[in-house]
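Notes follow the structure.
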There are 4 protein chains.
Amino acid sequence: MTDTAVAGPVVQQRLPRQRADASRNYERIVTAAAQLFLERGADVPLDEIAQRAGVGNATLYRHFANRNELIRVVVLSLMSCLSAQAEQIGATEPDAFEALRRFAHASADLLIGGLCAVFSDRLDLADPELCEAREQMEDAFELMLRRARESGQLRPDIGVGDLIVPIVQLTRPLPGTAQATVEPYAHRHLELLLDGLRAPQRSVLPGSAATLADLRLSAHRLNDEPCTTPNGKPVH
Amino acid sequence: MTDTAVAGPVVQQRLPRQRADASRNYERIVTAAAQLFLERGADVPLDEIAQRAGVGNATLYRHFANRNELIRVVVLSLMSCLSAQAEQIGATEPDAFEALRRFAHASADLLIGGLCAVFSDRLDLADPELCEAREQMEDAFELMLRRARESGQLRPDIGVGDLIVPIVQLTRPLPGTAQATVEPYAHRHLELLLDGLRAPQRSVLPGSAATLADLRLSAHRLNDEPCTTPNGKPVH
Amino acid sequence: MTDTAVAGPVVQQRLPRQRADASRNYERIVTAAAQLFLERGADVPLDEIAQRAGVGNATLYRHFANRNELIRVVVLSLMSCLSAQAEQIGATEPDAFEALRRFAHASADLLIGGLCAVFSDRLDLADPELCEAREQMEDAFELMLRRARESGQLRPDIGVGDLIVPIVQLTRPLPGTAQATVEPYAHRHLELLLDGLRAPQRSVLPGSAATLADLRLSAHRLNDEPCTTPNGKPVH
Amino acid sequence: MTDTAVAGPVVQQRLPRQRADASRNYERIVTAAAQLFLERGADVPLDEIAQRAGVGNATLYRHFANRNELIRVVVLSLMSCLSAQAEQIGATEPDAFEALRRFAHASADLLIGGLCAVFSDRLDLADPELCEAREQMEDAFELMLRRARESGQLRPDIGVGDLIVPIVQLTRPLPGTAQATVEPYAHRHLELLLDGLRAPQRSVLPGSAATLADLRLSAHRLNDEPCTTPNGKPVH
DNA sequence: AATGAATGAGTGTTCATTCAT
DNA sequence: AATGAATGAACACTCATTCAT
C-alpha cells in the first residue's frame with residue numbers, strides 16, 4: 001500500500017482552494033498517523049506524529065482539531081481503500097468463495113486491524129461520512145457473502161459481522177509490538193477461519209451474526225455497567 | 001470466576017507471615033487490576049485501580065513496585081487458572097476434539113484476552129516464573145492438540161500457536177470498550193475457527209504454527225526495524 | 001568516637017523507668033540517624049534510618065515525634081561531646097594556642113559538621129535544652145580563646161564565631177558525598193585558618209565576630225527577604 | 001552580579017535562531033534556579049523555580065530535560081563568570097598576593113558556594129563542557145597561586161584545592177538559610193584563611209593539596225564504603 | 001499558513017506520618 | 001512496646017492543546 005492509497009481518496013474530498021504546501025502537509029500527517037497508530041497504538045503522542053510527518057505540531061492542529069479527528073480521517077481512508085478492493089475483486093474473480101477468501105486476505109493486507117478504531121469511543125457513531133463509508137464497506141462484504149452463499153460454498157448461518165470482526169481482531173497488532181509481528185500469522189489464522197466458513201457447516205453456532213453498528217451499540221450499552229461474564233456472574 | 005480463582009494460586013506463593021489486612025488488600029488490588037486492565041487497557045491509571053480496590057494509591061505501591069509488577073501478577077494468575085482448567089477438562093472429557101473445543105471456550109470465558117499482555121513489552125521475557133507458567137499452559141494446549149490429532153478429528157497441520165493466538169485475539173476487548181462487548185461474539189467466532197481446525201482439512205495453510213515464544217521473539221526482531229508489509233513493501 | 005560517645009549523654013537524661021529493649025532501640029536510632037544525616041544529608045528517609053537501626057519505622061516515631069525531634073537529639077549529643085572534649089583538653093594542655101588548635105581539630109574529628117543543623121530551620125531556636133548546650137559549648141570556646149589571647153598568641157580581633165563557623169563549614173560533607181570525603185582536607189584547611197588566627201595579625205578583618213545565636217537571628221531576619229548581595233544589589 | 005553576568009556566556013552558546021520570548025524564559029529560569037538553589041538547596045521543587053521565573057512548569061522542562069540539566073547550566077554559568085573575573089583581576093592588579101586575595105573575595109561575591117554542586121553526584125563527571133570550564137577555572141587559580149608564590153608572599157606548600165575548597169565551604173549557605181546569611185562572615189573568615197596562606201608559613205600542613213577532580217574521585221571511591229573516621233574507626 | 005513555544009492538567013512514584021495488629 | 005501496613009500530600013515529568021511569532 002502506498003501513501004496515496006491511504007490518504008488519497010479522503011484528500012480528494014477536501015475543499016478545492018488550498019495552498020500546495022498545505023495539502024502536502026495534510027497528506028503527510030495522515031500517512032504518519034496511520035503508521036504510528038499501527039506501530040504504537042492509538043495513544044502515540046501527537047507531537048511524534050507531527051515529527052514523523054516533518055511538520056510542526058501546531059500544523060497538525062491546524063488540520064485536525066484533535067486526535068479523534070485524525071483517527072477519523074485515517075479510518076475513513078482505510079475503509080475507502082477496502083471498498084475499492086472489494087469492487088475490484090468482485091468484478092474479476094469468478095469463483096464466489098474464492099472472491100470472499102481473496103477479499104478477506106486483501107483486507108488483512110490493508111492492515112484492516114487499524115479499523116478496530118471504528119469501535120473506539122474516539123469516533124462519533126453518528127458521523128455521516130463515517131456511516132456512509134461503513135455502510136459501503138458492509139455492502140461490499142454483504143455482496144461477497146451473498147454470492148458465496150448462493151454458490152453453495154458458504155455455510156448459511158453467517159453474517160457480515162462474522163467476517164469483519166474476526167478479520168479486525170486477527171489482524172490487530174499484538175500489544176507492545178508493531179503491526180508486522182502478527183501479520184504472517186493473521187493470514188494463516190484467517191485461512192482457518194475461512195475453512196470454518198465453508199459449507200457444509202460443521203457445527204451449530206452460538207449467538208448471532210452482528211454488524212459493526214450492532215457491536216458499537218452494545219458497546220455503548222455496556223460501557224458503564226459493571227463488567228460481567230456471559231453467564232452473568234461478575235468478573236472475579 | 002471468583003476472586004480466589006484469579007488471585008489464589010499466586011497469593012499462595014507469598015511468604016507465610018502476612019497480616020490479614022495486607023493479604024486482603026493484595027487480592028483486592030489484583031482483582032481490581034484484572035478488571036480494569038480488561039475494561040480499559042493496560043494503561044489505566046494506577047490510582048483508579050487503587051480506588052476500585054478501595055485502598056490508597058501508596059498501598060498499591062507497597063505491594064507492587066510498579067505497573068509491570070502488577071501486570072505480571074495478573075498474567076500469572078490468569079495463566080495459572082488456564083492450566084488448571086485444561087487439566088480438569090482433559091481428565092473428564094472423553095472425546096478429544098470436544099475437549100479441545102471446551103477448553104478453547106473455557107479459555108475465552110477466562111478472559112484469556114488479558115493474556116495478550118504476555119506479549120507486551122511490559123513483561124520480562126526471561127522471568128522464570130512467567131516462563132514456567134507459559135510453558136505449563138502451552139503443554140496443556142499441546143496435550144489437547146495431540147489427543148485430538150491422534151483421534152483423527154484435528155487436521156494435522158496445526159500447532160499450539162494456531163490455537164492460542166486466535167483465542168487471544170478473538171477475545172480481546174475491542175478498543176475503548178469493556179471486555180463484555182466482544183465476549184458473545186468471541187464464542188461464535190471461536191466456533192468458526194474450530195470448525196476450520198477439524199479434519200479433513202479444507203485448505204493448505206500459509207506460514208507455519210508458532211509458539212508464544214516465537215511470536216515474542218519475532219516481535220523483538222521487528223520492533224526496531226522499519227515497519228513493512230509481508231510482501232516487503234514499506235507500510236504506506 | 002564510639003556509639004556511646006554520641007548517644008550516651010543524652011540517653012542518660014531520659015526518664016528512669018524504661019524497658020531495656022526500648023532504651024536500646026532509642027540509642028540505635030540516634031546512632032543510625034547520626035550516621036545517615038552525615039552520609040546522605042538531613043533529608044534521608046526516616047524509614048531508612050529505622051532500617052539501619054534495625055527497628056520498625058513506627059518504633060522510630062514512638063521515640064521521636066518527627067524528624068526535627070530526631071535532629072535535635074543528634075545535635076544535642078554532638079554538642080555535649082564537644083563540651084566534654086574542650087574541658088578535657090583545657091585541663092591538660094599547657095600551651096594556650098596549642099589547646100585551641102587541638103580543640104579545633106578534635107571538633108573536626110567529632111564531625112562537628114553535623115552541627116550545621118544548629119542553624120537549620122528544623123530546630124527550635126528557643127529550645128532551652130538546646131540553648132544550654134550551645135552556651136556551654138560557646139563558653140568552652142570562649143575560654144580557649146581568652147587564654148590564647150592572653151598568652152599573646154592569638155590576634156585580638158577574633159570572636160567565638162570566627163572559630164565555630166569556619167569549623168562547621170570546613171567540616172561539612174560536600175553535597176552528594178559522604179562525610180569522609182572532606183575530612184582529610186578539613187584538617188589541612190583548618191590548620192591554614194589557625195595560622196591566620198595567630199598573632200601578630202596580618203590583616204584587618206572586615207565585619208565582626210559573631211556567635212551562633214547572632215547567625216541564627218540574622219538568618220531569621222533574612223529568610224523571607226529577597227536574596228541580595230552584601231552590596232545591596234539583588235542577586236543576579 | 002546581573003542576570004546576564006550569570007546566564008550570558010552559556011546562552012551565547014545556544015543555537016542561533018531562537019525566539020525572543022524563549023531565550024528570555026531560558027534566562028529567567030536559570031536566574032531563578034541559581035537563586036533558589038542557593039537559598040534552599042539543590043532539592044527545591046522545580047515547580048517553584050518555574051514559578052519564581054514566572055513561567056509554567058512545562059516550560060522549564062522544554063528547556064531542561066531534568067533537574068541535573070538545570071544544575072549543570074547554573075554551574076557552568078558560575079564557573080564561567082569566575083574565570084572571567086580571574087582574568088580581569090590578573091590583568092590589572094600588580095601585587096600578586098593582593099590579586100589572589102581580591103580574586104578569592106570576588107569568588108565569594110560570585111556566590112561560588114553554589115559551585116559545591118560541582119561535586120554533587122548530580123553532575124556528570126565526564127561532561128566535556130563541564131570539565132573544560134573546571135579546568136579553565138583551576139588554571140586561573142593556578143596562575144594566581146604561582147605568581148603569588150614567585151613573589152614570595154605565598155607559603156610554598158599550597159595547592160589549588162587549598163584555595164578552592166575552603167572558598168566553596170566558607171561561602172556555602174548555611175542549611176535552611178539564604179545565601180545572604182553567611183556572606184558577611186564568609187569574607188571575614190576568608191581573610192583569616194588568606195592570612196594563613198601568607199609566607200612565612202606558621203605551621204606544617206597535614207595531608208596534601210587537592211584539585212576538584214581529586215575530591216570528586218575520592219568521593220566516588222568512598223561513597224559505597226562504610227563511613228569511617230580518618231583514624232579508621234567506624235563512625236559511632 | 002506554519003511553527004516553535006507555553007501551559008495546566010494528569011500520572012507515576014516517594015515519603016512522612018498515622019493506624020491496626 | 002513494637003511493628004508492618006496504610007495513606008494522602010508532595011514532586012517529577014508528560015502531553016494535548018493553545019498562544020505568539
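The sequence lines fix the lettering, A, B, ..., with proteins before strands; numbering per chain opens at 1. Keep in mind that this is a model prediction, so the values were computed, not measured.
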remark   = Regarding the side chain of C:Asn25, the nearest nucleotide among F:dG8, F:dT3, E:dT7 is F:dT3
task = Using side-chain contact (heavy atoms from CB on, under 4.5 Å) as the criterion, point out the one residue from B:Leu130, B:Ile71, B:Val30 that pairs with B:Leu76.
result = B:Leu130
key: Interatomic distance where CG belongs to C:Leu70 and C1' belongs to E:dC15 [whole Å]   = 15 Å
request  = Please check the phosphate of E:dA1 (OP1 and OP2 only) for any side-chain N or O of A:His63 closer than 4.0 Å.
outcome  = no
query = For the side chain of B:Tyr61, counting heavy atoms from C-beta on, which of E:dT14, F:dA1, F:dC11 is nearest?
reply = E:dT14
query = Rounded to whole angstroms, how far apart are CD1 on A:Ile71 and P on F:dA16?
reply = 11 Å
task = Report the distance from atom CG of A:Leu60 to atom P of F:dC15, rounded to the nearest whole Å.
result = 15 Å
query = Under a 4.5 Å cut-off applied to non-hydrogen side-chain atoms, are D:Arg40 and D:Pro45 in contact?
reply = yes
key: Spacing between D:Arg24 atom CZ and E:dA6 atom C1', to the nearest angstrom   = 12 Å
key: B:Gln51 side chain near B:Asp47 side chain, heavy-atom distance below 4.5 Å   = no
message = Strictly by Watson-Crick or wobble contacts shorter than 3.5 Å, is anything paired with F:dT21, and which nucleotide is it?
response = E:dA2
inquiry  = Rounding to an integer number of Å, can you tell me how far C:Ile29 CD1 sits from F:dA1 P?
reply    = 13 Å
query = Are B:Leu46 and B:Asn57 close enough that some pair of their side-chain heavy atoms sits under 4.5 Å apart?
reply = no
query = Whole Å only: how far is the CZ atom of A:Arg62 from the P atom of E:dA1?
reply = 5 Å
query = Expressed in angstrom and rounded to an integer, what is the separation of B:Asp43 atom CG from F:dC15 atom P?
reply = 11 Å
key: Whole angstrom value for the distance that separates P of F:dA6 from CZ of B:Arg28   = 10 Å
query = Mind checking whether D:His63 and D:Glu69 have side chains closer than 4.5 Å, heavy atoms only?
reply = no
ask   = Hey, can you pull the residues of residues 47-57 of chain C with a non-hydrogen atom under 4.0 angstrom from DNA chain E?
value = C:Asp47, C:Asn57
query = Counting side-chain heavy atoms from C-beta on, which of F:dC11, F:dA16, E:dT18 comes nearest to A:Arg67?
reply = F:dA16
request  = Give a yes/no on whether any side-chain N or O of B:Thr59 is located under 4.0 angstrom from OP1 or OP2 of F:dA5.
outcome  = no
note = The single option from D:Asp43, D:Ile49, D:Val75 that satisfies side-chain contact (heavy atoms from CB on, under 4.5 Å) with D:Phe37 is D:Ile49
message = Could you check whether any side-chain heavy atom of C:Arg67 comes within less than 4.5 Å of a side-chain heavy atom of C:Val44, counting everything from C-beta outward?
response = yes
key: Closest to side chain of D:Leu46, choosing from E:dT17, E:dA2, F:dA12   = F:dA12
request  = Quick one: look up who E:dT13 pairs with, Watson-Crick or G-U, both distances under 3.5 Å, and put none if it's unpaired.
outcome  = F:dA10
